[in-house]
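Side-chain atoms are counted along with the backbone in the values below, which use heavy atoms only and exclude waters and symmetry mates.
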Amino acid sequence: KGFLESIINDCDARVWGCKEIRWAVDYQDKKTLIPYKQFHKRLDHLKSLYPNCKFIFTERDLESQLKSGWWQTTENARDIISKLKKYYQRYMKTSDNSYMVSYNDIVNCNNNFKDLFKFLGEEFNQRSYNKIINKNPG
């Protein structure tokens with residue numbers, strides 16, 4: 001908790017987050033998917049530590065995802081990604097602190113992406129989006 005507080009207290013952000021793609025992977029062998037019940041327990045434990053936390057699950061075109069970063073060297077990646085999506089969908093059914101967004105939602109700036117900001121209690125800013133995505137800031 002001290003680590004997070006030192007980071008959070010050192011900035012003026014209203015929303016802070018981290019990227020982690022391995023919540024559902026066994027921490028010992030780093031390639032085996034844990035049972036759903038254990039995955040659910042891990043996320044609920046984080047929520048008990050940080051009651052206002054929210055989980056944003058992201059998905060991407062499977063073939064593109066298989067070529068990216070950690071996944072390209074992970075055995076059974078196709079199967080793991082498929083099961084992860086099911087884990088996310090299942091968790092979302094029992095959780096008010098989770099949201100699913102796809103890479104295409106972000107790139108296309110569609111309503112599901114804009115609704116992510118509502119979920120986070122933030123206002124969507126088209127100008128900031130354009131700047132980040134390298135579109136004309138107009």
Open item on the list: Within the structure provided, determine whether C109 and F124 are in side-chain contact (heavy-atom separation under 4.5 Å).
Closed with: yes
Open item on the list: Has Y129 got a side-chain atom pairing as donor or acceptor with I106's backbone, closer than 3.5 angstrom?
Closed with: yes
Open item on the list: Whether the side chain of N76 engages the backbone of D79 through a donor-acceptor N/O pair (distance < 3.5 Å, no angle test) should be reported.
Closed with: no
- [ ] State plainly whether the residues D115 and K118 are in salt-bridge range, i.e. N to O under 4.0 Å.
- [x] yes
- [ ] Without swapping roles, check the side chain of Y88 against the backbone of F57 for a donor-acceptor pair under 3.5 Å.
- [x] no
TODO: First locate atom CG of D105, then atom CD of E59, and finally report the distance between them rounded to the nearest 0.5 Å.
DONE: 7.5 Å
Task: Evaluation steps, side chain to side chain donor-acceptor pair (under 3.5 Å), between H40 and T94 - done: CA-CA 10 Å; H40 193 284; T94 62; 3.3 Å; yes
Task: Over all atoms of both residues, closest heavy-atom pair of R78 and L66 - done: NH2-CD1, 3.3 Å
Open item on the list: Closer than 3.5 angstrom, by distance alone: can the side chain of N125 be matched with the main-chain N or O of R127 as a donor-acceptor pair?
Closed with: yes
- [ ] Taking only Lys NZ, Arg NE, NH1 and NH2, and the carboxylate oxygens of Asp or Glu, determine whether K114 and E123 approach each other closer than 4.0 Å.
- [x] no
Open item on the list: With a sphere of 6.0 Å drawn around NZ of K85, does it hold more than 12 non-hydrogen atoms of other residues, nucleotides or ligands?
Closed with: no
Open item on the list: Has K54 got a side-chain atom pairing as donor or acceptor with F119's backbone, closer than 3.5 angstrom?
Closed with: yes
Open item on the list: Quick check against the 3.5 Å criterion: does S68 have a side-chain atom that pairs as donor or acceptor with the backbone of Q65?
Closed with: yes
TODO: Begin with the C-alpha distance, continue with both residues' side-chain angles, and end with the deciding distance and a verdict on side chain to side chain donor-acceptor pair (under 3.5 Å) for Y50 and N97.
DONE: CA-CA 11 Å; Y50 304 100; N97 70 324; over 6 Å; no
Open item on the list: Using a 3.5 Å distance criterion without hydrogens, assess whether the side chain of Y99 forms a donor-acceptor pair with backbone atoms of N112.
Closed with: yes
Open item on the list: Walk me through whether S102 and N104 qualify under side chain to side chain donor-acceptor pair (under 3.5 Å).
Closed with: CA-CA 5 Å; S102 74; N104 287 338; 5.2 Å; no
Open item on the list: With a sphere of 6.0 Å drawn around NZ of K47, does it hold more than 12 non-hydrogen atoms of other residues, nucleotides or ligands?
Closed with: yes
